[in-house]
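Atom set for the values below is all heavy atoms of this structure, side chains included, hydrogens, waters and symmetry mates excluded. If you read the sequence from its start, that first residue is 1, and numbering goes on from there. Not measured: the values here are computed from a predicted model.
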Amino acid sequence: MNPMFRNTRKDAGDVPPRKRGDGADAGASAHERAAGDESAADVDPAEAIEPVSDPSQAEIERLRHENEENLQNWKRATADYQNLRRRVQADIDAASQRAKQALLLDFLLVLDYLDMALKTPCTTTEGKNLHAGVELTRSALVRALDRENVRPMPEAGRFDASLHQAVERVETIEQDDGTIVETVRRGFTLNGQTLRPAQVRVAGVRSRLGA
């Protein structure tokens with residue numbers, strides 16, 4: 001026998017025999033791969049991809065919230081400014097009104113002096129001329145007060161504590177209790193409000209003991 005032929009067979013015989021469990025393992029692996037492929041095929045691609053938050057949308061929401069907060073702050077600041085403006089204007093008007101009332105009260109005092117001067121009897125020509133000048137002055141002053149909405153109060157009627165100042169109580173049975181008997185100093189109103197109360201004498205019912 002050819003020696004070369006014998007060596008060839010010997011080499012072929014040296015191949016190790018296949019183990020009994022190798023075929024089963026290969027089949028199991030193939031089955032697992034097939035099952036994995038089927039599971040992968042059953043997954044929805046839309047579910048497989050995890051949702052990623054949009055950074056631009058979050059920034060829009062943040063800016064919208066910031067804008068709303070700034071708007072509310074602006075509205076509050078505007079309301080506070082308007083309230084402050086009204087309070088300041090009210091204070092200015094009140095101060096101006098007080099200063100105006102003080103000046104008008106001085107004018108009313110001048111009017112009282114002019115009225116007293118006109119009550120003085122005049123017999124001479126010079127006195128009559130002076131009386132006419134005083135009367136013209138008084139008329140000009142009354143017109144100026146009228147332009148400022150200064151009006152005289154009625155001199156008759158019943159006593160009103162908001163309009164009158166009682167300087168004397170006159171006991172009488174001829175007039176009802178609380179009736180104004182005489183006006184000592186005339187009162188005036190400014191824009192419908194009391195500027196100077198009238199000084200009056202008021203009737204009072206005479207008691208029976210004093211009758």
Side-chain angles (χ1 to χ4, degrees), residues 49-119 132-170 175-204:
I49 301 176
E50 296 182 357
V52 179
S53 60
D54 189 357
S56 61
Q57 184 64 28
E59 181 68 13
I60 291 174
E61 291 297 329
R62 186 188 67 81
L63 292 176
R64 183 182 292 111
H65 178 72
E66 183 178 351
N67 180 64
E68 183 65 23
E69 184 176 357
N70 291 335
L71 179 61
Q72 295 300 325
N73 292 335
W74 175 81
K75 288 182 178 180
R76 285 191 292 268
T78 302
D80 292 340
Y81 171 74
Q82 294 297 334
N83 293 333
L84 177 62
R85 186 177 180 181
R86 284 192 292 268
R87 288 195 298 268
V88 170
Q89 187 62 43
D91 293 340
I92 293 174
D93 294 341
S96 177
Q97 188 73 4
R98 288 193 297 268
K100 182 179 179 180
Q101 288 179 356
L103 180 61
L104 293 175
L105 288 173
D106 291 339
F107 286 163
L108 292 178
L109 185 60
V110 173
L111 183 61
D112 293 338
Y113 293 151
L114 294 176
D115 287 337
M116 288 187 291
L118 291 175
K119 291 179 181 179
V134 172
E135 190 171 2
L136 290 175
T137 303
R138 181 188 184 280
S139 298
L141 179 58
V142 169
R143 287 193 298 270
L145 292 172
D146 186 72
R147 286 194 297 269
E148 296 297 328
N149 294 323
V150 178
R151 304 285 189 272
M153 294 180 183
E155 296 186 1
R158 295 190 59 81
F159 177 81
D160 186 347
S162 63
L163 302 176
H164 307 119
Q165 179 183 357
V167 296
E168 185 180 358
R169 186 178 181 84
V170 180
Q175 294 180 335
D176 296 333
D177 187 27
T179 302
I180 297 175
V181 177
E182 182 184 1
T183 299
V184 178
R185 188 183 70 173
R186 196 167 192 182
F188 290 84
T189 60
L190 173 62
N191 298 323
Q193 303 295 324
T194 302
L195 175 62
R196 188 181 76 174
Q199 293 181 351
V200 297
R201 292 186 175 93
V202 185

Participant: Write down the atom of Arg169, the atom of Gly204, and the distance for their closest heavy-atom approach.
Facilitator: NH2-CA, 3.6 Å

Participant: Which heavy-atom pair separates Gly187 from Ala198 by the least distance, and what is that distance?
Facilitator: N-CB, 3.4 Å

Participant: Can you name the residues that form a side chain to side chain contact (heavy atoms under 4.5 Å, CB included) with Phe107, not counting sequence neighbours?
Facilitator: Leu103, Leu104, Leu141, Leu145

Participant: Among residues at least two apart in sequence or on other chains, which ones pass side chain to side chain contact (heavy atoms under 4.5 Å, CB included) with Gln193?
Facilitator: none

Participant: Any salt bridge (charged side-chain N to carboxylate O under 4.0 Å, His left out) involving residues 137-153? Give me the pairs, sequence neighbours left out, ordered by first then second residue.
Facilitator: Lys100-Glu148, Asp115-Arg138, Asp146-Arg151

Participant: Hey, could you give me the CG/CZ distance between Asp80 and Arg85, rounded to the nearest 0.5 Å?
Facilitator: 14.5 Å

Participant: Taking only residues two or more places apart in sequence or in another chain, which ones pass side chain to side chain donor-acceptor pair (under 3.5 Å) with Asn83?
Facilitator: Arg86

Participant: Report the residues that fulfil side chain to side chain donor-acceptor pair (under 3.5 Å) with Arg62, sequence neighbours left out, ordered by chain and then residue number.
Facilitator: Glu59, Glu66

Participant: Give a yes or no answer on whether the side chain of Ser96 reaches the backbone of Ile92 with a donor-acceptor pair at less than 3.5 Å.
Facilitator: no

Participant: Who are the side chain to side chain contact (heavy atoms under 4.5 Å, CB included) partners of Thr183, not counting sequence neighbours?
Facilitator: Glu155, Ile180, Val200

Participant: For Val134 versus Leu114, what's the shortest heavy-atom pair and its separation?
Facilitator: CG1-CD2, 3.8 Å

Participant: Residues two or more places apart in sequence or in another chain: which of them pass salt bridge (charged side-chain N to carboxylate O under 4.0 Å, His left out) with Asp112?
Facilitator: Arg196

Participant: Output the distance between atom CG (Leu190) and atom CD (Gln97), rounded to the nearest 0.5 Å.
Facilitator: 5.0 Å

Participant: Nearest 0.5 Å please: distance from the CD atom of Glu61 over to the CZ atom of Arg64.
Facilitator: 4.5 Å

Participant: Side chain to side chain contact (heavy atoms under 4.5 Å, CB included) with Leu84: which residues, sequence neighbours excluded?
Facilitator: Arg87, Val88

Participant: How many angstroms lie between CG in Leu163 and CZ in Arg158, if you round to the nearest 0.5 Å?
Facilitator: 13.5 Å

Participant: So, using side chain to side chain donor-acceptor pair (under 3.5 Å) as the criterion, who are the partners of Asp93 when residues are at least two apart?
Facilitator: Gln89

Participant: By ring pair (Phe, Tyr, Trp, His ring centres under 6.0 Å), which residues pair with Phe188, not counting sequence neighbours?
Facilitator: none

Participant: My understanding is that only residues two or more places apart in sequence, or in another chain, count here; which of them pass side chain to side chain donor-acceptor pair (under 3.5 Å) with Glu168?
Facilitator: Arg201

Participant: At their closest point, which heavy atom of His164 faces which heavy atom of Pro154, and how far apart are they?
Facilitator: NE2-O, 4.4 Å

Participant: Using the salt bridge (charged side-chain N to carboxylate O under 4.0 Å, His left out) criterion, which residues pair with Glu69? Sequence neighbours excluded.
Facilitator: none

Participant: How long is the straight-line distance from CE of Met116 back to CG of Leu111, given to the nearest 0.5 Å?
Facilitator: 10.0 Å

Participant: So which atom in Asp177 and which in Ala203 form the shortest heavy-atom distance, rounded to 0.1 Å?
Facilitator: OD1-O, 3.1 Å

